[in-house]
Amino acid sequence: MDQKKDDISALLDFDLLKRLVVGIGEVSRITGIPTRKIRYWEEKGAIQSENEQEGSTRRYDYLNVKKMLLIQEMLDEGFTLDSAIEKVEKRMVTLDEAFKKLADTLEDDK
DNA sequence: GTTCTCACA
DNA sequence: TGTGAGAA
């Protein structure tokens with residue numbers, strides 16, 4: 001009976017995932033991308049760190065980590081950094097819109 | 001450990 | 001496009 005409601009809750013839990021953040025060191029260790037390059041990409045607008053008020057250490061959520069891996073692959077395939085950023089950005093928008101529609105669908109027949 | 005900037009390839 | 005090095 002509350003199954004659909006649970007499904008919606010599962011979708012909304014993405015907000016929790018978005019808050020799963022790690023420092024630049026961890027990202028570097030996990031992805032194999034040098035910290036220097038991560039900052040460089042951020043400077044070029046590929047990713048946006050969530051600087052919490054205290055301290056100045058960058059923090060990246062899993063979406064940004066995903067972006068980095070995606071961009072890294074595209075660069076290996078011969079894309080320029082700018083085109084890679086552009087394509088990744090579109091993918092994020094497309095995915096976001098799709099999930100919103102999916103959530104709306106579940107809301108409608110609740 | 002993290003940050004930044006300047007310079008260099 | 002990406003790195004090295006120094007300094008904070």
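Lettering follows sequence order; numbering is per chain, from 1.
- Here the OG1-NZ distance, from Thr94(A) to Lys90(A), works out to 8.5 Å after rounding to the nearest 0.5 Å.
- For Leu81(A), the side chain to side chain contact (heavy atoms under 4.5 Å, CB included) test picks out Tyr40(A), Trp41(A), Lys44(A), Ile71(A), Leu75(A), Ile85(A), with sequence neighbours left out.
- Using a 4.0 Å heavy-atom cutoff across all strands shown, Arg58(A) reaches sugar-phosphate atoms only and no base atom.
- Although no hydrogens or angles enter the test, the distance criterion places no donor-acceptor pair under 3.5 Å between the side chain of Asn64(A) and the main chain of Ser49(A).
- In the region residues 20-33 of chain A, proximity to DNA chain C at under 4.0 angstrom, judged on heavy atoms, holds for none of the residues.
- Evaluation of the salt bridge (Lys or Arg N to Asp or Glu O under 4.0 Å) rule for Lys67(A) yields Glu89(A) as partners, not counting sequence neighbours.
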Show me the donor-acceptor pairs within less than 3.5 Å that the side chains of residues 20-29 of chain A make with the rest of the protein, sequence neighbours left out.
unit_1   : atom_1 : unit_2   : atom_2 : d
Glu26(A) : OE1    : Arg29(A) : NH2    : 2.7
Ser28(A) : OG     : Ile33(A) : O      : 2.8

Pair Thr31(A)-Gln72(A), side-chain contact (heavy atoms from CB on, under 4.5 Å): steps then yes or no: CA-CA 9 Å; Thr31(A) 63; Gln72(A) 179 64 77; over 6 Å; no
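- Among pairs with a residue in residues 92-103 of chain A, those fulfilling salt bridge (charged side-chain N to carboxylate O under 4.0 Å, His left out) read Asp96(A)-Lys100(A), at least two apart in sequence or across chains.
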Nucleotide-resolved protein contact map, nucleotides 3-8 of chain C, B/S/- at heavy-atom distance under 4.0 Å: BBB---
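- Of all non-hydrogen atoms in Glu50(A) and Asp61(A), the two that sit nearest each other are OE2-OD2, 3.3 Å.
- Atom-to-atom distance recorded for Arg91(A):CZ and Glu86(A):CD is 13.5 Å, nearest 0.5 angstrom.
- Contacts between residues 64-74 of chain A and DNA chain C, counted as heavy-atom distances below 4.0 Å, involve no residue at all.
- Here chain A contacts DNA chain B (any atom closer than 4.0 Å to a heavy atom, that is under 4.0 Å), and the contacts span dT2(B) to dC6(B) from 5' to 3'.
- Partners of Thr80(A) under the side-chain hydrogen bond (donor to acceptor under 3.5 Å, both in side chains) rule, at least two apart in sequence or in another chain, are Ser83(A).
- Among the atoms of the strands shown, only primed sugar atoms or phosphate atoms (P, OP1, OP2) are found under 4.0 Å from some heavy atom of Thr80(A).
- A donor-acceptor contact under 3.5 angstrom links the side chains of Glu42(A) and Tyr60(A), judged on distance only.
- Close to dT1(C), at under 4.0 Å from its OP1 or OP2, lies no side-chain N or O of Trp41(A).
- Here CG of Leu69(A) is found 13.0 Å from CE of Met74(A). Values are rounded to the nearest 0.5 Å.
- Here salt bridge (charged side-chain N to carboxylate O under 4.0 Å, His left out) pairs that include residues 70-84 of chain A, with residues two or more places apart or in two chains, number zero.
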